[in-house]
Amino acid sequence: MSGHSNWPEWIYVGVVIALMVWVGAEAWEAERLVEHVPEGAEIIKVTGQQWFWTFEHEDGTKEIGELHVEKGKAYKFEIHSKDVNHSFNIHDYVILMDAIPGRVNTVWFAPTDVGEHDIQCREYCGLIHYNMRGTLYVEEPSS
Amino acid sequence: MVLELQKPRPIWQIMFSTHHTDVGLLYLISSLGFLFLGGALALAIRAELFLPGAQIIGDAMTFNRIFTVHGTTLIFLFIIPFASSVGNYFVPIMVRYKDMAYPKLNAIAFWMIPPAGALIWLGFADFTWYATPPYSIISAPGPAADMWIFGLKILGISSVLGAINFIVTILKCKHPDMSIGQVPLLAWSFLSSSLIILVAIPTFAAALLMLLTDRLGVSGFFNPAMGGDPIAYAHLFWFTFHPEVYVLVIPAIGMMYEIIPRFSRKPIYSFNSGIFAFVLLSIVGFSSWAHHMYATGMSFTEKTVFMVGTLAAVPASAMHVFNFIATMWNSRIKFSTPMMWAVGGIALFFSAGAGGVANAAMPLDFSTHDTYWVVGHFHLFVMGTIAFGSIAFLYYMFPYVTGRMYNETMGKIHFVMSFIGTVLVFFTQHVLGLYGMPRRIFDYPPIPEWIAMNQIASVGAMIIGVSMAIFLANMIYSSGKGQLANTEDPFGVGGKYYYPFEAKNPSH
Ligand code: HEM
Ligand SMILES: [Cu+2]
Ligand SMILES: [Cu+2]
């Protein structure tokens with residue numbers, strides 16, 4: 001109990017607090033940069049429903065389960081849901097945003113390399129949640 | 001001494017008793033029953049995920065029901081009732097009172113658990129342990145969903161009744177010679193967790209009713225088709241359940257506060273810092289609930305507020321770890337089974353907290369949220385810390401409850417296997433999450449890293465499973481046929497530090 005001095009504990013608590021402040025500050029700074037949507041980002045409307053994803057480009061073309069984008073461009077996803085909650089996820093690009101009925105959530109990305117990436121649903125949405133998957137194709141710019 | 005099993009009594013005498021040690025025994029046996037039931041479901045999940053493709057569970061719906069009932073069972077029917085058991089046995093003794101403040105209420109709080117457990121198990125709902133709308137309103141099949149809602153409602157009431165009882169027992173019934181600062185840390189842990197329950201539970205209780213009327217179609221609180229908002233539910237849910245995670249963990253920490261000094265043969269390093277950390281956690285724990293909701297589309301400011309709230313609670317948890325290590329430092333530790341479990345639990349507590357900090361840092365959470373990382377994170381708490389602390393305490397109180405000793409070798413084997421298994425399952429799951437595997441999926445594409453890590457996790461789970469069978473055999477055999485314990489000092493650490501040695505139950 002009392003009777004002995006407690007300075008080791010104070011130092012320890014100080015170190016923990018300092019660590020937390022550092023983690024918090026770094027996270028704040030990173031998130032601020034990540035959330036800044038570049039101007040002129042092309043809008044893609046993403047719709048989740050049990051149990052597939054639909055994508056609608058600015059020019060009106062629609063895709064189901066597949067998404068084709070061009071390397072070097074910035075895209076802004078507007079995420080909708082037709083039924084229950086889903087979560088739109090391209091893990092390779094750390095894109096994760098819930099699709100919630102009655103709301104529109106946004107998130108953006110700018111693919112840098114040509115390639116294929118998995119799209120999946122990361123929020124439980126019922127029977128086929130495990131297979132609510134799709135593919136992102138990043139292609140060379142057409143022009 | 002409370003030698004319940006020494007002088008045989010007809011079972012109904014225990015069932016209809018309101019004496020705190022009898023109610024404690026009822027809590028103990030039912031919580032262990034649910035530990036094994038829920039654990040069996042976990043093994044089924046791990047077997048299913050050993051390889052891609054359907055393995056032993058035929059279809060996705062059954063799988064979804066299994067993980068829902070697994071989580072619900074172990075949180076509400078094992079962890080909480082187990083803590084109540086320990087509280088029932090020890091809190092009255094520690095505050096030197098003859099019983100709980102309201103013995104009948106105490107028995108009622110216990111007897112709400114079996115019907116609630118029956119509702120949950122007979123219903124077997126599929127909507128995960130957080131029953132998120134609108135899925136839970138428009139999609140989840142009844143009557144399972146409704147039975148789950150009623151089951152949780154009953155458990156909530158039971159928790160509140162239990163909490164009131166602990167608070168009154170500690171604050172009002174403690175011996176007049178005893179100041180609140182002399183109440184042992186284990187009892188303090190029950191005081192803090194009970195206060196959290198009283199503040200936290202009502203929001204979820206309300207949300208459950210709203211969920212039910214939404215399901216009946218007479219309201220649309222959370223149903224967007226009727227103008228409601230599912231996010232409102234998420235706030236109500238997490239306002240209860242983030243603080244609730246401290247309700248789960250604080251008693252387990254309290255149990256370690258009982259064990260660590262005993263087996264270190266030294267008083268706790270800082271009693272006051274233990275109390276301070278409990279109280280601090282109970283308050284700051286209310287400032288972080290929406291760290292579960294970063295990906296729901298919250299604004300940058302909201303996310304920042306909840307990140308700060310979460311990080312602010314970390315020093316309080318870290319203080320406990322310091323206190324334990326400082327107590328063990330330079331002491332003559334006796335590594336009996338309870339001590340091994342407690343020390344293992346502290347190591348896992350530390351790792352779990354470190355992972356939690358990564359979740360709290362907003363940009364990182366978008367990598368980890370709803371992946372296996374989160375499953376690994378909270379299992380290092382619920383299994384690695386809370387189950388470890390609880391099992392440590394079960395071995396510790398075994399001679400006290402039965403008058404006999406368990407088999408020490410089997411206890412140690414149980415620990416070593418469970419510790420290895422826990423590391424294999426839950427550390428691996430963190431990495432699996434970083435590779436992007438979502439949680440709550442019945443099947444997965446054959447990505448080589450995913451397969452490898454799922455297999456490591458499944459093997460780890462089987463190791464835990466075997467160790468739990470050893471544990472069960474040890475408990476059953478030893479409670480009837482184990483060596484008679486030296487009840488003055490069962491672990492041979494010097495009676496001075498064995499609590500019940502000093503304070504015998506006045507009514508026995
Ligand atoms: C150092 C202290 C802790 C920190 C910083 C922390 C942080 C977090 C964060 C940020 C999440 C959200 C992760 C996500 O879903 O993306 C989370 C999830 C969770 N944590 Fe912790 N946590 C801590 C302690 C605890 C304790 C003590 C427990 C339980 C006893 C616990 C149980 C849980 C559970 C059950 C979840 C996931 C719930 C779910 O989605 O099903 N955490 N934690
Ligand atoms: Cu889904
Ligand atoms: Cu939380």
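Computation of the quantities below employed the complete heavy-atom set of this structure, encompassing side-chain atoms and omitting hydrogens, waters and symmetry-equivalent molecules. In what follows, chains are A, B, ... by sequence order, proteins preceding strands, each numbered from 1.
Among M307(B), M362(B), M437(B), the residue making the largest number of heavy-atom pairs under 4.5 Å with chain A is M362(B). Annotation: maximal heavy-atom pairing with chain A below 4.5 Å, among I231(B), D59(B), L364(B), N323(B), occurs at I231(B). Put simply, of N223(B), I137(B), T371(B), the one with the most heavy-atom pairs under 4.5 Å next to chain A is T371(B). The candidate from K303(B), M61(B), M293(B) with the greatest count of non-hydrogen atom pairs under 4.5 Å with chain A is K303(B). Contacts with chain B were tallied for D118(A), I79(A), N89(A), I100(A); I100(A) has the most, counting heavy-atom pairs under 4.5 Å. By number of non-hydrogen pairs under 4.5 angstrom with chain A, the leading residue of A318(B), P315(B), S273(B), A140(B) is A318(B). Of the listed residues (P134(B), P445(B), G227(B)), the one with the most heavy-atom contacts under 4.5 Å to chain A is P134(B).
In summary, the aromatic rings of H91(A) and Y435(B) are positioned with their centroids too far apart to meet the 6.0 Å limit. Residues F306(B) and H291(B) keep their aromatic ring centres 6.0 Å or farther apart. Residues Y257(B) and F278(B) bring their aromatic ring centres within 6.0 Å. Residues F221(B) and Y233(B) keep their aromatic ring centres 6.0 Å or farther apart. Outside the 6.0 Å centre-distance limit, the rings of F322(B) and W10(A) are not counted as a close aromatic pair.
Looking at V13(A), the atoms closer than 4.5 Å to chain B (heavy atoms on both sides) all sit in the side chain, from C-beta outward. Heavy atoms closer than 4.5 Å to chain B are found in both the backbone and the side chain of N85(A). Looking at R133(A), the atoms closer than 4.5 Å to chain B (heavy atoms on both sides) all sit in the side chain, from C-beta outward. With a 4.5 Å cut-off on non-hydrogen atoms, Q120(A) touches chain B through its side chain but not through its backbone. Using a 4.5 Å cut-off between heavy atoms, N105(A) touches chain B through its side chain atoms alone. Looking at F222(B), neither its backbone nor its side chain comes within 4.5 Å of chain A, counting heavy atoms on both sides. Both the backbone and the side chain of E31(A) come within contact range of chain B, judged by heavy atoms closer than 4.5 Å. At a 4.5 Å heavy-atom cutoff, the contact between L434(B) and chain A is made by backbone atoms alone. Proximity to chain A (any heavy atom under 4.5 Å) is shown, for S367(B), by both the backbone and the side chain. Looking at E26(A), there are no atoms closer than 4.5 Å to chain B (heavy atoms on both sides), in backbone or side chain. Proximity to chain B (any heavy atom under 4.5 Å) is restricted, for V16(A), to the side chain, taken from C-beta onward. Only the side chain of T132(B) comes within contact range of chain A, with heavy atoms under 4.5 Å apart.
Counting only heavy atoms from C-beta outward, the side chains of E70(A) and Y75(A) approach each other to under 4.5 Å. At least one side-chain heavy atom of V314(B) sits less than 4.5 Å from a side-chain heavy atom of V357(B).
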Between I346(B) and F350(B), does a side-chain contact (heavy atoms from CB on, under 4.5 Å) hold up when you go through it step by step?
-> CA-CA 6 Å; I346(B) 293 164; F350(B) 180 82; 5.8 Å; no

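More than 12 heavy atoms of other residues, nucleotides or ligands sit less than 6.0 Å from atom OH of Y93(A).
A salt bridge links D229(B) with R103(A): the closest approach of a Lys/Arg side-chain nitrogen to an acidic carboxylate oxygen falls below 4.0 angstrom.
Counting only N and O atoms by type, the side chains of E56(A) and T47(A) include no donor and acceptor under 3.5 Å apart.
Nearest heavy atom pair, residue H369(B) against residue V374(B), reads CA-CG2, 4.0 Å.
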